[in-house]
Amino acid sequence: MSRKLTPNRWNWDGNSKRWIFIELTEEGEKYYYQVEPPKEFIELTMKIKELNDKLIFTKDSEENAKLFDKMMKISKRLQCMRKNEDDCKLSPNF
C-alpha cells in the first residue's frame, strides 16, 4: 500500500516514476511534475553522503555525535522539501 502524497512539498511517486509537488491554492490543488529530482534533494543527499563518509572514519565519540546530529538535521530538511527553498521553515544552515 503506497502512502498518500503530501501537499506543499516534493513527493516521489513510485507509480508514475516522477516527482510531484501538490500546491494548495484557493482555487484547489495545482500539480507540478518532473522526472529529475529537485536540486535541493540532490544537494542534501550529497551532504549526507559526505557526513556519512566522515562518520565512518571518526574515532572520537564527540565528533561522531556532532556528525550524526548534522545528518539528522539534513534528514529533517529532506522531509520538508518545498517547491521553493525559502518556503521551508527549517534553517538552511547545518
Side-chain angles (χ1 to χ4, degrees):
M1 181 179 192
S2 62
R3 69 174 180 79
K4 187 175 177 180
L5 300 176
T6 307
N8 294 322
R9 78 171 182 88
W10 283 105
N11 298 268
W12 171 252
D13 181 23
N15 294 333
S16 66
K17 305 285 190 246
R18 58 186 171 173
W19 290 90
I20 301 174
F21 187 90
I22 304 167
E23 182 178 17
L24 299 178
T25 66
E26 291 179 11
E27 296 83 34
E29 296 178 344
K30 189 172 184 180
Y31 292 83
Y32 300 89
Y33 300 92
Q34 63 186 51
V35 175
E36 296 297 318
K39 180 182 171 188
E40 183 182 13
F41 178 82
I42 295 170
E43 291 171 354
L44 294 174
T45 302
M46 292 307 297
K47 285 182 182 181
I48 286 179
K49 183 195 179 311
E50 291 169 11
L51 290 170
N52 189 53
D53 291 345
K54 291 178 184 178
L55 191 65
I56 291 170
F57 291 107
T58 186
K59 303 287 186 214
D60 180 28
S61 61
E62 287 183 28
E63 181 65 18
N64 188 304
K66 287 178 186 177
L67 291 169
F68 184 77
D69 185 53
K70 286 181 182 180
M71 289 175 69
M72 292 306 296
K73 287 178 182 176
I74 293 172
S75 177
K76 288 179 184 177
R77 175 83 181 196
L78 279 167
Q79 294 300 314
C80 178
M81 280 191 344
R82 304 292 185 215
K83 187 166 172 281
N84 297 315
E85 205 171 317
D86 297 337
D87 293 344
C88 190
K89 298 210 185 316
L90 294 174
S91 169
N93 300 323
F94 304 106

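Both Tyr33 and Leu5 are members of a single hydrophobic cluster when ILVMFWY side chains are connected at heavy-atom separations under 4.5 Å.
Residues Glu29 and Tyr31 have side chains that bring a donor and an acceptor to within less than 3.5 angstrom of each other.
With rounding to the nearest 0.5 angstrom, the CG atom of Asn8 is 9.5 Å from the OG1 atom of Thr25. Rounding to the nearest 0.5 Å places CE of Met72 at 9.0 Å from CD1 of Ile48. Glu62 CD to Leu67 CG: the interatomic distance, rounded to the nearest 0.5 Å, is 12.0 Å. Separating the NZ atom in Lys54 from the NZ atom in Lys70 is a distance of 6.5 Å, to the nearest 0.5 Å. With rounding to the nearest 0.5 Å, the separation of CG in Leu78 from CD in Glu40 is 7.5 Å. From Leu51, atom CG reaches atom CD1 of Ile56 across 11.5 Å, with rounding to the nearest 0.5 Å.
Nearest heavy atom pair, residue Glu23 against residue Tyr32, reads OE1-OH, 2.8 Å. Pairing each heavy atom of Trp19 with each of Pro37, the nearest pair is NE1-CA, 3.1 Å. The shortest non-hydrogen separation linking Trp10 to Gln34 is CH2-OE1, 3.3 Å. Across all their heavy atoms, Lys17 and Gly14 have their closest contact at NZ-O, 2.8 Å.
In this view, Asp13 satisfies the salt bridge (charged side-chain N to carboxylate O under 4.0 Å, His left out) rule with no residue, not counting sequence neighbours. Contacts of Lys66 classified as side chain to side chain contact (heavy atoms under 4.5 Å, CB included), with partners at least two apart in sequence or in another chain: Glu63.
Looking at Asp60, its side chain never comes within 3.5 Å of a backbone N or O of Thr58 through a donor-acceptor pair.
Screening Asp53, Thr45, Asn52 for a side-chain hydrogen bond (donor to acceptor under 3.5 Å, both in side chains) involving Lys49 leaves a single residue, Asp53.
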Report the C-alpha distance between Trp12 and Phe41 in whole Å, list the side-chain angles of each, state the deciding distance to 0.1 Å, and finish with yes or no for ring-ring contact (aromatic ring centres under 6.0 Å, His included). CA-CA 11 Å; Trp12 171 252; Phe41 178 82; 8.9 Å; no
